[in-house]
Participant: 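The structure follows.
Each ligand, and each atom within it, is numbered from 1 in the order the structure gives.
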Amino acid sequence: MKQKIVVFTGAGVSAESGIQTFRDGDGLWENHDIQEVATPEAWSKKPKLVLDFYNERRKQVLKATPNEAHKTLVLLEQFFDVQIITQNIDDLHERAGSTKVLHLHGEILKARSTFDDQLYDWKKPTLKLGDKCPKGYQLRPHVVWFGESVPNMIVAANCCEGANLLIVIGTSLNVYPAANIVNFVPEDCKKYLIDPKIQQSFIGNNIELIEKKAGEGVVELVNQLLSLKENV
Ligand code: APR
C-alpha cells in the first residue's frame, strides 16, 4: 500500500513560471482592488472590469509553462499516492503531468454559465461580455470570488484523511477556508512548508521548514523522499 502525500500549493509554486502571486511585493493585490475585480458585487456592477482582470490572468497562464517544482512533484507518483490540492487557477500541475489535482479556487481555463453553473473549457485568451453558454446566458470565469463558497472544500478535507505527508508550497495561508487544509491532515502526518519567506507564525508549529523557492526546495525534498524509498 503506497504512502499518501497531500501537496497543498498556492501562487508561489507558479511564481517561477512567470505567474504573479497575490501578496508579494509586486503581487496582484498591490495593484488591483479585490473589491473591484474579484467579488460577486464587482461582477454585477462592472462585469467588463472583472472580465478584463481575468483575461490578463488567463493570458499569463497560456504563456506560462510548468517549472521544476511542478515537474518534480510528478516524480513522487512512482512511489506515493499523491493528491495535489491547489489554490491556483492555472493548469500547470496538470500540464506537468500530475494525475490527481483538486482546484479550490476554480480554473481560469474554464468558463461557467451564469444560468446553471455548467462549465465549458475556455482556452481563448479573452472571455467577453456577449460570450454566452448554449442556453444564451453570459459566461463568467470559473473562479471562486471573495465571499463565494468553496465547493471543493469538503472533497479536499476527505482527500486529507489518512495522509502520511503534507507538503505545503508557496502559500501565505492568508485565505480561508483553504488555509484550513493544514488542519485536516491527521495529527501524526509529517508536514513540510516550502517558501522563501517563512512567516514567524509557522516556526515551531511541528512543520519542517524549507526556506527556499519552490524550484529548489521541491527538488531537494523530493530527492530526499525518493532516496528513502529507493533504499527500502
Ligand atoms: N517559491 C515558493 N514560494 C514563493 C515563491 C517561489 N518562487 N515566490 C513567492 N512565494 C511565496 C510567498 O512568500 C508567499 O508566501 O508564495 C506565497 C504567495 O502568497 P499569496 O500571494 O498570498 O498567494 P496564495 O497564498 O496562493 O493566495 C491564496 O488568495 O487572493 C486569493 O484566490 C487567491 O488563491 C489565492 C489565495
Participant: Does the side chain of His103 pick up a donor-acceptor pair with the side chain of Glu94 at under 3.5 Å?
Facilitator: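 Result is yes, a qualifying pair exists.
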Participant: Identify, for atom 28 (C) of ligand 1, the protein heavy atom at the shortest distance, and state residue, atom and that distance.
Facilitator: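 Ranking protein heavy atoms by distance from atom 28 (C) of ligand 1, first comes Gln87 OE1, 3.3 Å.
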Participant: Can a salt bridge be assigned to the pair Arg57 and Asp90 using a cut-off of 4.0 Å between side-chain N and carboxylate O?
Facilitator: no
Participant: How close does the nearest protein non-hydrogen atom get to atom 6 (C) of ligand 1, and which residue and atom is it?
Facilitator: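 Answer for atom 6 (C) of ligand 1: Gly12 O, 3.3 Å.
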Participant: Regarding Thr171 and Gln87, is there a side-chain donor-to-acceptor distance under 3.5 Å anywhere?
Facilitator: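 The answer is yes; a qualifying pair exists.
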Participant: Is any side-chain N of the basic residue among Glu208 and Lys191 closer than 4.0 Å to the acidic one's carboxylate O?
Facilitator: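 Here Glu208 does not pair with Lys191 in a salt bridge, since their nearest N and O are not under 4.0 Å apart.
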Participant: Any N or O on Gln199 sitting closer than 3.5 Å to an N or O of ligand 1?
Facilitator: no
Participant: Mind checking whether Val175 has an N or O less than 3.5 Å away from an N or O of ligand 1?
Facilitator: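 There is no such contact.
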Participant: Counting non-hydrogen protein atoms only, what is the nearest one to atom 27 (O) of ligand 1? Give residue, atom name and distance.
Facilitator: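 For this ligand atom, the closest protein heavy atom is Arg23 NH1, 3.0 Å.
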Participant: For atom 1 (N) of ligand 1, what's the nearest protein heavy atom and its distance?
Facilitator: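 So the nearest neighbour among protein heavy atoms is Ala214 N, 2.8 Å.
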Participant: Under 3.5 Å, is there a donor-acceptor pair linking the side chains of Gln60 and Gln20?
Facilitator: yes
Participant: Atom 26 (O) of ligand 1: which protein heavy atom is closest, and how many Å away?
Facilitator: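 Nearest protein contact, heavy atoms only, for atom 26 (O) of ligand 1 is Ala11 N, 2.8 Å.
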Participant: Could you tell me, atom by atom, which parts of ligand 1 come under 4.0 Å of a heavy atom of Trp29?
Facilitator: 30 (O)
Participant: Could you tell me whether Glu107 and Lys110 have a side-chain N and a carboxylate O separated by less than 4.0 Å?
Facilitator: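 Looking at Glu107 and Lys110, the cut-off is met.
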Participant: By number and element, which atoms of ligand 1 are closer than 4.0 Å to a non-hydrogen atom of Gly10?
Facilitator: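 Going through ligand 1 atom by atom, the ones under 4.0 Å from Gly10 are 26 (O).
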Participant: Could you identify the single nearest non-hydrogen protein atom to atom 13 (O) of ligand 1 and state the distance to 0.1 Å?
Facilitator: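 So the nearest neighbour among protein heavy atoms is Asp195 OD1, 2.7 Å.
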Participant: State, without any angle test, whether Ser17 and Asn67 hold a side-chain donor-acceptor pair at a distance under 3.5 Å.
Facilitator: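 Their side chains do contain a donor-acceptor pair, which is all the 3.5 Å distance test asks for.
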Participant: Run the numbers for me: atoms of ligand 1, each under 4.0 Å from some heavy atom of Thr171, listed by number.
Facilitator: 15 (O), 16 (O), 17 (C), 24 (P), 25 (O)
Participant: Judged by modelled atom types alone, do Ser98 and His70 share a side-chain donor-acceptor pair under 3.5 Å?
Facilitator: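 There is no such pair (donor and acceptor under 3.5 Å, judged by atom type) between the side chains of Ser98 and His70.
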Participant: Should the proximity of Phe146 to ligand 1, defined as any heavy atom under 4.0 Å, be assigned to the side chain, the backbone, both, or neither?
Facilitator: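 Near ligand 1, Phe146 shows its side chain, while the N, CA, C and O stay back.
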Participant: For the residue pair Pro47 and Leu129, what are the closest heavy atoms and their distance?
Facilitator: CB-CD2, 3.9 Å
Participant: Does Phe22, backbone or side chain, put an N or O under 3.5 Å from an N or O of ligand 1?
Facilitator: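 Min N/O separation from ligand 1 is below 3.5 Å for Phe22.
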Participant: May I ask you to check if Arg112 and Trp122 form a cation-pi contact, with NZ or CZ under 6.0 angstrom from the six-membered ring centre and within 45° of the axis?
Facilitator: no
Participant: Tell me, which protein residue and heavy-atom name are nearest atom 34 (O) of ligand 1, and how many Å apart are they?
Facilitator: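 Protein heavy atom with the smallest distance to atom 34 (O) of ligand 1: His105 ND1, 2.8 Å.
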Participant: With a 4.5 Å cut-off on side-chain heavy atoms, are Val168 and Ile181 touching?
Facilitator: no
Participant: With rounding to the nearest 0.5 Å, note down the distance linking CG in Leu225 to CG in Leu165.
Facilitator: 6.0 Å
Participant: Within the structure, is a non-hydrogen atom of Pro196 found at a distance of less than 4.0 Å from ligand 1?
Facilitator: yes
Participant: Number the atoms of ligand 1 from 1 as they appear, then name those within less than 4.0 Å of a heavy atom of Ala15, with their elements.
Facilitator: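 With Ala15 as reference, the close atoms of ligand 1 come out as 7 (N), 8 (N).
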Participant: Please state which protein non-hydrogen atom is closest to atom 9 (C) of ligand 1 and give its distance, to 0.1 Å?
Facilitator: Asp24 OD2, 3.0 Å
Participant: Which part of Ser172 is near ligand 1, with near meaning a heavy atom under 4.0 Å away: side chain, backbone, both or neither?
Facilitator: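 Within the 4.0 Å criterion, Ser172 contacts ligand 1 through backbone and side-chain atoms alike.
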Participant: Between Glu16 and ligand 1, find which residue part has any heavy-atom pair under 4.0 Å and reply side chain, backbone, both or neither.
Facilitator: side chain
